[in-house]
Protein chains: 2
Amino acid sequence: MPEQHYPEVRALGLFSGMTDENFFALMRGAYVQNFPPQIELISEGEPSDFLHVVLSGSVDLFSQWNGRDTSLATVRPISTFILAATIKNAPYLMSARTLEKSRIVLIPSQDVRSTFDADGTFARAIVTELAQCYRSVIKAQKDLKLRSSLERLANYLLRQQKRAGGSAAFDLDFEKRRLASVLGMTPENLSRAFKGLQPYGVSVEGTRITINDQPDLERFAKPNPLIDDSST
Amino acid sequence: MPEQHYPEVRALGLFSGMTDENFFALMRGAYVQNFPPQIELISEGEPSDFLHVVLSGSVDLFSQWNGRDTSLATVRPISTFILAATIKNAPYLMSARTLEKSRIVLIPSQDVRSTFDADGTFARAIVTELAQCYRSVIKAQKDLKLRSSLERLANYLLRQQKRAGGSAAFDLDFEKRRLASVLGMTPENLSRAFKGLQPYGVSVEGTRITINDQPDLERFAKPNPLIDDSST
DNA sequence: TTCGACACTTGATATTTGTCAAGCGGTGAA
DNA sequence: TTCACCGCTTGACAAATATCAAGTGTCGAA
């Protein structure tokens, strides 16, 4: 892997604490690759040969069963995915595909596991990362089980607004069909859900969303830090 | 904590690899407590003061929002819960209540975190445990997003049957209202779902389930190791 | 033994969500 | 420029799921 990428990978919480020696050893076996959009990087069920780090672009994690499919998460720079499978040396539970042109680091899982055994600092960093991931999924689970689709959309918009800087108008960061899948509904229903939020001051123009009456939307959405805060 | 409980706690994957010294240090600050049924042990949003270990009985992890509530998991001996919150020193995302009379070890979270910083073996054990938990939630997420309630029930029965030893008849291990909540449906719909599985050879008598035609049920349920296997 | 609480069931009905088919509008290639 | 494609929307309809209101049966306490 070209050394020019070392700093950005090294800056990740996962790698920042470990010794230079172990970091370089990990990077020696790694390589960087550019992928065009819509490439399936991994398929669920396959053995987990590499830990992946997204340097640029974005990656969709999804899963299929019995002819249906659903998006479970989107990975944006700079972060890793399929860490749990790598650690457990177990098959991937999700498939991954690039959404756009993406640059991705591939670190052999075996190297990650041996470094993890040898470097306590690295092991602890992995714990922190995994705990974060775990809590994110729990939140998603609560979102799905406790809220209707309209409520999920409303809260998603509030989260996205905050992520985009907090101003009333902002852009969705991926296409609506995928948003629908992430939120656990059909594209048709997402369309209707947007209309259902009009009475609360939400207007939509293509991918541009405007929240005209934030307090009103929040009264409806009832956002909750134990579901909607990404940090805690 | 009385030393009589040391061996069963020590036998947990989480604690089995660490040094005696660190283990005893952890146990010194811990204590064992007996709880009657239906006691709320922790409430979501509270700071995570203790890592919990269930020695006997069972514990329901649930969450509430806007007047609704849902069961997310059941913890059975011998295992821990709210590990992620303990590690991250973050508020609980779920509440916990005893389902029956239960004996539970409480280990101060601060002790867990400092031992985790000091003992690489312990840190690695935590990683393994967390990765396991993470993958379980991902599977639950896929179950919920990819399957109808009837399919979820069918697969649940097949999993439960396997857990109970594989014979055609077995008992549900908790009451139906809670099963409904775990499966993400109402008790009324669970009743109807059981009827809906009759054509596939499922009969119900109280908590006793009989699967008369397993291949037929499996043809309907399409169980998938990437959703239904607890081990991988 | 009787009574009441409670979990479970059942039926009728309402709401939510999905499906199918059609149309609209933008984009990119010929 | 034209046209085919594709994502999005809309409407009509169907299916899944929830809600409400009885009813049934069991179990434990008085």
Side-chain angles (χ1 to χ4, degrees), chain A residues 36-38 60 64-71 97 99-101 143-157 171-199 202-209 220-221, chain B residues 36-38 60 65-71 97 99-101 143-157 171-200 202-209 220-221:
Chain A
Q38 305 300 335
D60 181 37
Q64 304 177 295
W65 179 80
N66 197 24
R68 290 160 236 176
D69 69 297
T70 188
S71 282
R97 75 184 140 219
L99 289 170
E100 47 193 318
K101 193 164 165 300
D143 192 45
L144 210 55
K145 289 186 80 174
L146 290 167
R147 289 171 171 166
S148 71
S149 61
L150 201 59
E151 291 164 338
R152 289 199 297 278
L153 176 59
N155 281 291
Y156 174 83
L157 292 180
D171 284 305
L172 295 175
D173 58 353
F174 40 65
E175 52 180 11
K176 290 180 184 169
R177 53 177 18 245
R178 256 182 31 76
L179 175 57
S181 183
V182 169
L183 293 177
M185 51 190 183
T186 58
E188 292 97 325
N189 262 325
L190 177 61
S191 258
R192 293 176 188 119
F194 273 122
K195 290 210 152 176
L197 290 180
Q198 274 179 13
V202 174
S203 45
V204 185
E205 258 187 72
T207 68
R208 187 137 197 95
I209 309 292
F220 170 74
Chain B
Q38 304 302 333
D60 181 38
W65 180 79
N66 197 24
R68 290 160 237 177
D69 70 296
T70 188
S71 283
R97 74 184 141 219
L99 289 169
E100 48 193 316
K101 194 164 166 298
D143 191 46
L144 210 55
K145 290 186 80 175
L146 290 168
R147 288 170 170 166
S148 71
S149 61
L150 201 59
E151 290 165 338
R152 289 199 296 279
L153 176 59
N155 281 291
Y156 174 83
L157 293 180
D171 283 307
L172 294 175
D173 59 353
F174 40 65
E175 52 179 11
K176 291 181 184 171
R177 56 183 5 249
R178 256 180 31 77
L179 174 56
S181 183
V182 168
L183 293 177
M185 52 187 176
T186 59
E188 291 97 325
N189 261 326
L190 178 60
S191 257
R192 294 179 187 117
F194 273 122
K195 290 210 152 175
L197 291 180
Q198 274 179 14
Y200 302 99
V202 174
S203 45
V204 184
E205 261 186 69
T207 67
R208 187 139 198 94
I209 308 294
F220 170 75

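Lettering of chains follows the sequences in order, A, B, ..., and the numbering in each one begins at 1.
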Which value, rounded to the nearest 0.5 Å, describes the distance between [X] atom [atom1] and [Y] atom [atom2]?
X         : Y         : atom1 : atom2 : answer
Phe194(A) : Asn189(A) : CZ    : CG    : 12.5 Å
Leu144(B) : Leu183(B) : CG    : CG    : 9.0 Å
Gln64(A)  : Thr70(A)  : CD    : OG1   : 10.5 Å

For this session: Would you jot down, in residue-number order, the residues of residues 177-185 of chain B having a non-hydrogen atom under 4.0 Å from DNA chain D?
Result: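 Result for residues 177-185 of chain B: Gly184(B), Met185(B), sorted by number.
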Between [X] and [Y], what is the shortest heavy-atom contact and its length?
X         : Y         : answer
Asp69(A)  : Arg97(A)  : OD2-NH2, 4.3 Å
Pro37(B)  : Leu99(B)  : CB-O, 3.8 Å
Val182(B) : Phe174(B) : CG2-CZ, 4.4 Å
Leu153(A) : Ala193(A) : CD2-CB, 3.6 Å

Problem set entry | Parallel, tilted or perpendicular, as decided by the 30° and 60° cut-offs, for the rings of Tyr200(B) and Phe220(B) |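 The rings of Phe220(B) and Tyr200(B) lie parallel, inter-plane angle below 30°.
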Problem set entry | Flag, side chain of Ser71(B) to backbone of Ser181(B), donor-acceptor distance under 3.5 Å |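 Not a single qualifying donor-acceptor pair exists.
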Just the rounded figure in Å: distance from [atom2] of [N] to [atom1] of [X].
X         : N       : atom1 : atom2 : answer
Leu190(B) : dA7(C)  : CG    : P     : 14 Å
Phe174(B) : dC8(C)  : CZ    : C1'   : 16 Å
Leu172(B) : dC8(C)  : CG    : C1'   : 13 Å
Arg68(A)  : dG18(C) : CZ    : P     : 11 Å
Arg208(A) : dC8(D)  : CZ    : P     : 17 Å
Glu205(A) : dT9(D)  : CD    : P     : 12 Å

Exercise. Just how large is the angle between the end axes of the helix from dT1(C)-dA30(D) to dA30(C)-dT1(D), five pairs per end, to 10 degrees?
Worked result: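 The end-segment axes of the helix from dT1(C)-dA30(D) to dA30(C)-dT1(D) are tilted 30° relative to each other.
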Looking only at the side chain of [X] (C-beta and beyond, no hydrogens), which of the listed nucleotides [options] gets closest?
X         : options                  : answer
Lys176(A) : dC8(D), dG18(C), dT9(C)  : dC8(D)
Asn189(B) : dC8(C), dT10(C), dA18(D) : dA18(D)
Arg192(A) : dC8(C), dT9(D), dA12(D)  : dA12(D)

Problem set entry | Single hit among Asp171(B), Leu172(B), Leu197(B) for side chain to side chain contact (heavy atoms under 4.5 Å, CB included) with Ile209(B) |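 Looking at Asp171(B), Leu172(B), Leu197(B), the match for Ile209(B) under the side chain to side chain contact (heavy atoms under 4.5 Å, CB included) is Leu172(B).
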Exercise. If you look only at pairs with a residue in residues 145-156 of chain B, which of them pass as a salt bridge (Lys or Arg N to Asp or Glu O under 4.0 Å), with sequence neighbours excluded?
Worked result: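 Residue pairs with at least one partner in residues 145-156 of chain B: Arg68(A)-Glu151(B), Asp143(B)-Arg147(B), Arg147(B)-Asp228(B).
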For this session: Name all pairs fulfilling the salt bridge (Lys or Arg N to Asp or Glu O under 4.0 Å) condition that reach into residues 172-184 of chain B, sequence neighbours left out, sorted by first residue then second.
Result: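 Counting only pairs at least two positions apart or across chains, the salt bridge (Lys or Arg N to Asp or Glu O under 4.0 Å) contacts touching residues 172-184 of chain B are Asp60(B)-Arg178(B), Arg76(B)-Asp173(B), Arg163(B)-Asp173(B).
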For this session: Go through residues 146-153 of chain A and report each residue with a non-hydrogen atom lying under 4.0 Å from DNA chain C, sorted by number.
Result: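 Going residue by residue through residues 146-153 of chain A, the ones with a heavy atom under 4.0 Å of DNA chain C turn out to be Ser148(A), Ser149(A).
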Exercise. Got a donor-acceptor pair under 3.5 Å from the side chain of Glu188(B) to the base of dC8(C)?
Worked result: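 There is none.
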Problem set entry | Distance test, side-chain N/O of Ser191(A) to OP1/OP2 of dC8(D), below 4.0 Å |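 Answer no for this pair, as no side-chain N or O of Ser191(A) is under 4.0 Å from OP1 or OP2.
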Exercise. Closer than 4.0 Å, any side-chain N/O of Thr186(B) to the OP1 or OP2 of dT17(D)?
Worked result: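 So the side-chain polar atoms of Thr186(B) never come under 4.0 Å of the phosphate oxygens OP1 or OP2 of dT17(D).
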For this session: Mark up nucleotides 22-28 of chain C, 5' to 3', with B wherever a protein heavy atom is under 4.0 angstrom from a base atom, S wherever such an atom reaches only the sugar-phosphate, and - elsewhere.
Result: -------
Exercise. Do the non-hydrogen side-chain atoms of Tyr156(B) and Leu179(B) ever get within less than 4.5 Å of each other?
Worked result: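 Yes, their side chains come closer than 4.5 Å.
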